[in-house]
Structure formats: structure tokens, C-alpha cells
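Let me begin by presenting the structure, written as C-alpha cells, before commenting on it.
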Amino acid sequence: MLIAKLVSTRSTCNSRPTGAVLVKERQILATGYNGSMPGAPHCSDEVLPDGSPYCHRRALQVPDADKYNFCRASHAEANAIAQAARHGVAIKGATLYVTLEPCYVCIKLLATAQISRIYYEVGYDSKDPERDRYWRQKAVQEAGFAVYERLHVSPATLALVVPALTGETSRRRLPSA
């Protein structure tokens, strides 16, 4: 999950930066973050006249119900699957670590790709609790994932990692021979 959090920093979405990592047998197969198609404009490169972050869908005043049809970004999960496909990496049976709970569209995509386990950090909170309930109960069950659960990075793990991120990573621990 920590690697998914780092991958999310590459996101070009101003709304919800998200990162995903596909892993199998303790090997990273592919990563993905939510962002625009290659060559297309990125929301993170634009600002509204008042200086606030730009969102293409919101700038067009598209309601939440139609957000997937007007958002520039592909989701992190879809981009991880696409990256694996571009490089010919088999992902059947892999585990997905993602910083945001997959939406219903991504649940279907992950099930079709035969991802077996999904761990997410933050629950998806849409404005439609009935739809949330459906995909969390029915769609996830129908998808047949072996595991579908929330996972947080522990304080102990963060205590080990933060010094490596804030200082020089590859400093010698032992004197040179």
C-alpha cells in the first residue's frame, strides 16, 4: 500500500489523486495512477481564473451522475491494467493495492482481468449511498474476489519508511571494507 501511495503522487487529477500497484508472488507487475490519456491535457496543468485547482468535469458543470463520461482521467486501476497489457505482463491472479476503493466500473474491469485480491486505503464515498451499498455488497460478491478489504499503512511501517524518504536513501550502514 505504501508503494501505491507513492505512485499516487504522479496523479494529474486535482480531484482525487489515486495510485495502484498490481503484485503477484511478491513482485510488482505494474503501477497506475489516475491521469489523462498520453498526449492529452492534464487537469493538474491548469488553474481556474480564481487560482483554484482545475477539474475538467466540474468546469463543464457536469453532474456527478455523468462524471465518468466527462472526466479526463482514467482510473489508477485501469491504468495499471493497461500498463501490464502494453508490456505483455500476465496479471491473472494478482493482488491490487489501491489508495481509493475501486468504483463499480473498475470492479467490473478488475473482475474481468481476474484480479484475485483487492486492498484499498480509503473507502469510496459517492453521493449515492444506495449505489455504494450495491457495489460493496452485490457487485463485489459477484466479482468473486478472494479478498476485498480496507488496509492502512501501519505507524510502525511509516516509522521505518519516512526517514528513507526524507534523507539520503542509500547511505552506507556499515563501514566500507
Side-chain angles (χ1 to χ4, degrees), residues 1-36 42-44 53 55 57-58 64 67-68 71-85 89 91-167 169:
M1 185 60 74
L2 187 59
I3 294 170
K5 290 170 75 69
L6 288 171
V7 170
S8 76
T9 66
R10 304 258 315 140
S11 172
T12 62
C13 175
N14 287 325
S15 181
R16 291 184 106 157
T18 305
V21 180
L22 284 167
V23 177
K24 190 171 183 180
E25 297 173 9
R26 302 181 63 120
Q27 294 292 310
I28 295 173
L29 303 177
T31 63
Y33 52 87
N34 54 337
S36 300
H42 299 286
C43 290
S44 61
C55 173
R57 176 189 62 86
R58 289 185 178 114
D64 272 0
K67 64 183 173 184
Y68 297 121
C71 178
R72 285 180 174 167
S74 294
H75 288 187
E77 306 92 325
N79 279 329
I81 290 170
Q83 183 188 60
V89 177
I91 59 173
K92 179 180 179 180
T95 298
L96 175 77
Y97 295 88
V98 62
T99 59
L100 179 63
E101 182 178 15
C103 69
Y104 181 49
V105 172
C106 287
I107 291 291
K108 295 185 290 182
L109 181 61
L110 294 163
T112 302
Q114 297 183 340
I115 303 304
S116 60
R117 288 167 299 285
I118 296 174
Y119 296 97
Y120 61 92
E121 180 185 37
V122 176
Y124 194 97
D125 58 336
S126 76
K127 293 179 181 168
D128 186 344
E130 190 59 38
R131 188 170 41 191
D132 284 355
R133 197 171 13 267
Y134 170 78
W135 97 61
R136 284 195 178 106
Q137 293 172 359
K138 186 104 170 115
V140 169
Q141 180 185 21
E142 289 173 353
F145 303 120
V147 175
Y148 185 87
E149 64 186 48
R150 198 166 186 174
L151 176 71
H152 292 285
V153 177
S154 73
T157 299
L158 287 173
L160 289 171
V161 172
V162 169
L165 296 176
T166 57
T169 305

Which atom pairs, one a donor and one an acceptor, fall under 3.5 Å between side chains of residues 146-153 and the rest of the protein, sequence neighbours left out?
{"from": "Y148", "atom 1": "OH", "to": "E101", "atom 2": "OE2", "distance (Å)": "2.9"}
{"from": "R150", "atom 1": "NE", "to": "E121", "atom 2": "O", "distance (Å)": "2.9"}

Roughly how far apart are L96 CG and I115 CD1, rounded to 0.5 Å?
-> 6.5 Å
Which atom names give the shortest non-hydrogen contact between E77 and L100, and what distance separates them?
-> OE2-O, 4.0 Å
So which heavy atom on A76 is nearest to which on T18, and how close?
-> CB-O, 3.6 Å
Nearest heavy atoms of L6 and T9, plus distance in Å | O-OG1, 2.6 Å
When rounded to the nearest 0.5 Å, the distance separating OH of Y33 from CZ of R10 is 4.0 Å
Between CZ on residue F145 and OG on residue S116, distance to nearest 0.5 Å = 9.5 Å
So, do S154 and T157 sit near enough that their side-chain heavy atoms are less than 4.5 Å apart?
-> yes
For the residue pair V98 and A20, what are the closest heavy atoms and their distance?
-> CG2-CB, 3.9 Å
OG1 of T99 to CD1 of I3: how many Å apart, nearest 0.5 Å?
-> 13.5 Å
Provide the closest heavy-atom pair for L29 versus A94 in the form atom of the first, atom of the second, distance.
-> CD1-CB, 3.9 Å
To the nearest 0.5 Å, atom OH of Y124 lies from atom CD1 of I107 at 11.5 Å
State whether the side chain of S11 and the backbone N or O of N34 hold a donor-acceptor pair below 3.5 Å, judged by distance alone.
-> yes
Roughly how far, to the nearest 0.5 Å, is the CZ atom of R16 from the OG atom of S8?
-> 12.5 Å
Under 6.0 Å from the NZ atom of K5, do we count more than 12 heavy atoms belonging to anything else shown?
-> no
Sequence-distant partners of L160, side chain to side chain contact (heavy atoms under 4.5 Å, CB included), two or more places apart = none
Among T95, T31, I81, V89, which residue meets the side chain to side chain contact (heavy atoms under 4.5 Å, CB included) test with L22?
-> I81
Quick one: list whatever passes side chain to side chain donor-acceptor pair (under 3.5 Å) with E142, sequence neighbours left out.
-> K138
Identify the heavy atoms of I118 and P102 that sit nearest to each other, and give their distance.
-> CG2-CG, 4.1 Å
